[in-house]
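A short worksheet on the structure shown next.
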Amino acid sequence: PSKSDVARGPEWGVLSRELEKKRRHKPIRQLISEMPTALTKLTPCLLMSPLSIAQYLPAGKHLFDVVIFDEASQIPVWDAVGAIGRGHQTVIVGDPKQLPPTNFFERSDHDDEYPEDVEQDLESILDECLAANLPTHPLTWHYRSRHESLIAFSNHQYYDGRLVTFPSPVTNDRAVRFHHVPDGVYEIGG
């Protein structure tokens with residue numbers, strides 16, 4: 001912003017005062033709620049997790065033109081809703097063939113206690129969007145760092161060879177290989 005805009009705007013004054021302080025700064029959520037226009041001028045693009053959005057950005061305001069979720073197959077519905085509500089539009093990017101979000105760290109004593117008339121969410125925000133028949137557009141190009149073999153199996157097995165992948169610059173591509181263990185036994189949790 002121009003210096004004249006900064007000098008006249010009350011939001012810029014709030015920021016300037018906070019920058020001069022040595023201690024007892026305002027909480028980030030309060031600071032952002034006092035300067036929503038200045039925030040989007042200074043940082044038109046923010047990279048935040050859904051949890052950070054809920055923690056730091058005030059609710060009930062459309063702060064952004066577009067909210068974009070990448071790896072949406074990994075984002076539970078309840079984490080995504082708050083971020084969606086802070087934007088005018090939402091773009092959901094993800095692959096339904098990827099694993100759903102893990103609940104490994106969640107503790108649930110009573111998994112089966114939902115009444116039959118209560119509808120449960122699908123596992124991810126991507127699953128919800130697909131179930132709602134929102135328009136989709138498949139991406140067919142895939143870049144996988146130095147080793148094409150990391151995506152070759154999935155491309156063949158899950159995508160029917162439709163993904164355009166890029167050859168590895170490494171000629172000795174041994175990122176994934178088969179090694180037979182004749183008497184091997186898989187031990188769950190071992």
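Throughout, residue positions are numbered sequentially from 1 according to the sequence presented. Any value given below was found using the heavy atoms of this structure, including those in side chains, with hydrogens, waters and symmetry copies removed.
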Check whether any side-chain N or O of [X] sits under 3.5 Å from a backbone N or O of [Y] as a donor-acceptor pair, and report yes or no.
X	Y	answer
His25	Glu18	yes
Glu11	Ala38	yes
Thr43	Leu46	no
Arg86	Val67	no
Asn155	Leu163	yes

Test side-chain contact (heavy atoms from CB on, under 4.5 Å) on Leu57 and Met48 and set out the steps.
-> CA-CA 10 Å; Leu57 299 181; Met48 301 176 79; 4.0 Å; yes
Rounded distance [0.5 Å steps], [atom1] in [X] versus [atom2] in [Y]:
X	Y	atom1	atom2	answer
Gln74	Phe69	CD	CZ	13.5 Å
Cys45	Ile68	SG	CD1	7.0 Å
Ile92	Ile125	CD1	CD1	5.0 Å
Lys21	Ser16	NZ	OG	11.5 Å
Asp95	Ser73	CG	OG	6.5 Å

Is the number of heavy atoms from other residues, nucleotides or ligands within 6.0 Å of [atom1] ([X]) greater than 12?
X	atom1	answer
Tyr56	OH	no
Arg17	CZ	no
Leu47	CG	no

Determine whether [X] and [Y] fall in the same hydrophobic cluster, where Ile, Leu, Val, Met, Phe, Trp and Tyr are linked whenever their side-chain heavy atoms lie under 4.5 Å apart.
X	Y	answer
Val66	Ile84	no
Phe64	Ile28	yes
Leu31	Leu42	yes

Can Val93 and Val91 be said to form a side-chain contact (heavy atoms from CB on, under 4.5 Å), step by step?
-> CA-CA 6 Å; Val93 181; Val91 176; 3.8 Å; yes
How far apart are the closest heavy atoms of Ala72 and Ser124, and which atoms are they?
-> O-CB, 3.5 Å
Lys26 vs Val14, side-chain contact (heavy atoms from CB on, under 4.5 Å): CA-CA, chis, key distance, verdict | CA-CA 10 Å; Lys26 291 181 180 183; Val14 170; 4.0 Å; yes
Report yes if some heavy atom in the side chain of Leu126 is under 4.5 Å from a heavy atom in the side chain of Pro96; otherwise report no.
-> yes
